[in-house]
Amino acid sequence: MNIVPYETKYAAQIAALLNNYLPFEIETANTIELAGGIRFLAVNEFDEVIGYIAGYEITDFDKDFPYFQDKLQFLKDRVEEGITFYTSHFVVHPNERKKGIGKGLLLAYLKAVEPIVQTIITVGWVQSDTKRWAAERQFVEQGFESVIYMPRYFEPYNVECPSCKGLCYCDAHIFMK
């Protein structure tokens, strides 16, 4: 397994991985290509994408966090203090978990992001069926701290969810470093 910076040739594989395992908008090779930001992926010996992490600078807090403005005002205040990155995607194929892939992805991402930012925010998707965020341990081990737990955070986004088997009503656990 290798951790490598994003390359266009992997866009379709990344889109498929995200569509299968994260409850957000449907991704395509084109949306992945246009996403920008700082991105890394894990590829196996067959050149297949088995993990992905991405983040970008928050330039419009209200656009990136359109709901729960009253509860998230403290985050908005923090963003206005200096450069803040939002870790928008973090996924490892379920068959490849617990092999150090997530840690490798997160470390590569942090090495690239930390020198240029003041704050990093990540929103953990707490699955409705397991009531846990699979990646939480990874972020805590790297110094992220819990700032707020928000029940039914994803519901207003009106997205389909593999955990909920329909409209997503999963909770979120927001962490910051």
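Please read all numbers here as calculations on a predicted model, not as lab measurements.
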### Query
Linking I/L/V/M/F/W/Y whenever their side-chain heavy atoms sit closer than 4.5 Å, directly or via other members, would Tyr157 and Val123 fall into one cluster?
yes

### Query
Counting heavy atoms not belonging to Glu45, are there more than 12 under 6.0 Å from its CD?
yes

#### Entry: Between OG1 on residue Thr84 and NZ on residue Lys177, distance to nearest 0.5 Å
14.5 Å

### Task
Hey, could you give me the CG/OH distance between Leu75 and Tyr86, rounded to the nearest 0.5 Å?
10.5 Å

### Query
Is the side chain of Asp62 donor-acceptor paired with the backbone N or O of Pro66 at a distance under 3.5 Å, no angle test?
no

### Query
Between CD1 of Ile174 and CZ of Phe65, what distance do you get to the nearest 0.5 Å?
6.0 Å

### Query
Applying the 4.5 Å side-chain criterion to the ILVMFWY set and letting contacts propagate, would Phe139 and Ile3 be lumped into a single cluster?
yes

### Task
Taking all heavy atoms of Glu81 and all of Gln118, pick out the closest pair and write down the distance.
O-OE1, 3.2 Å

### Expected output: side-chain Arg132 to main-chain Val126 donor-acceptor under 3.5 Å
no

### Query
Does some side-chain heavy atom of Glu145 sit less than 4.5 Å from a side-chain heavy atom of Met176?
no

### Query
Does the ring centre of Phe90 sit less than 6.0 Å away from the ring centre of Trp133?
no

### Task
Rounded to the nearest 0.5 Å, what's the gap from CD on Gln73 to CZ on Arg78? Could you check?
14.0 Å

### Task
Kindly work out whether a path of hydrophobic side-chain contacts (I/L/V/M/F/W/Y, heavy atoms less than 4.5 Å apart) joins Leu110 to Phe40.
yes

### Message
Nearest 0.5 angstrom please: Asn158 CG to Leu167 CG, how far?
### Response
5.5 Å

### side-chain contact (heavy atoms from CB on, under 4.5 Å) evaluation trace for Cys168 with Trp125
CA-CA 10 Å; Cys168 189; Trp125 170 45; 4.1 Å; yes

### Message
Within the 3.5 Å criterion, strictly below it, is a donor on Ser88 or Tyr56 matched to an acceptor on the partner's side chain?
### Response
no

### Met1 and Ile101, any side-chain heavy atoms less than 4.5 Å apart
yes

### Query
If two hydrophobic side chains count as joined below 4.5 Å and joins carry through other members, does Val91 share a cluster with Ile121?
yes

### Query
Hey, mind stepping through Phe144 and Phe175 against ring-ring contact (aromatic ring centres under 6.0 Å, His included) and telling me if it holds?
CA-CA 6 Å; Phe144 283 75; Phe175 283 75; 7.5 Å; no

### Task
Report the residue from Ile32, Val49, Leu17 that forms a side-chain contact (heavy atoms from CB on, under 4.5 Å) with Tyr10.
Val49

#### Entry: Side chain proximity check, Pro94 to Tyr21, heavy atoms < 4.5 angstrom
yes

### Task
Report the C-alpha distance between Lys103 and Gln142 in whole Å, list the side-chain angles of each, state the deciding distance to 0.1 Å, and finish with yes or no for side-chain contact (heavy atoms from CB on, under 4.5 Å).
CA-CA 9 Å; Lys103 183 176 184 175; Gln142 300 309 318; 4.2 Å; yes

### Task
Mind listing the closest non-hydrogen atom pair of Gly124 and Phe154 along with its distance?
O-CE1, 4.5 Å

### Minimum heavy-atom distance between Cys170 and Cys164, given as atom pair plus value
SG-SG, 3.6 Å

### Query
With no hydrogens and no angle check, is any side-chain donor or acceptor of Tyr67 less than 3.5 Å from a backbone partner on Pro156?
yes

### Query
Looking only at heavy atoms, what is the nearest atom pair of Ala112 and Pro115, with distance?
O-CD, 3.7 Å

### Task
Please determine, by modelled atom types, if Tyr109 and Glu114 share a side-chain donor-acceptor pair under 3.5 angstrom.
no

### Cluster overlap Phe61 with Val117, hydrophobic side-chain contacts below 4.5 Å
no

### Residue list, ring pair (Phe, Tyr, Trp, His ring centres under 6.0 Å) with Phe68, at least two apart or on another chain
Tyr153

### Query
Got a sec: does the NZ of Lys76 have more than 12 other heavy atoms crowding it under 6.0 Å?
yes

### Leu105 side, atom CG; Arg39 side, atom CZ - distance, nearest 0.5 Å
13.5 Å

### Message
Is there a side-chain contact (heavy atoms from CB on, under 4.5 Å) between Asp171 and Tyr149? Walk through the geometry before answering.
### Response
CA-CA 7 Å; Asp171 300 343; Tyr149 187 94; 2.8 Å; yes

### Query
Between the main-chain N or O of Ala134 and the side-chain N or O of Arg137, is there a donor-acceptor pair closer than 3.5 Å?
no

#### Entry: Expected output: side-chain Asn2 to main-chain Val4 donor-acceptor under 3.5 Å
no

### Task
Flag the pair Ile14 / Leu41 as yes when at least one side-chain heavy-atom distance between them is below 4.5 Å, and no otherwise.
yes

### Message
Could you go through Thr87 and Ile53, starting from their C-alpha distance and side-chain angles, then the distance that decides it, and tell me whether this counts as side-chain contact (heavy atoms from CB on, under 4.5 Å)?
### Response
CA-CA 8 Å; Thr87 308; Ile53 191 167; 4.1 Å; yes

### Query
Tell me, do Asp47 and Asn44 make a side-chain contact under 4.5 Å, heavy atoms counted?
no

### Query
Given side chains that start at C-beta, do those of Ile58 and Phe85 come closer than 4.5 Å, heavy atoms only?
no

#### Entry: Non-hydrogen side-chain atoms of Met150 and His173 separated by less than 4.5 Å
no

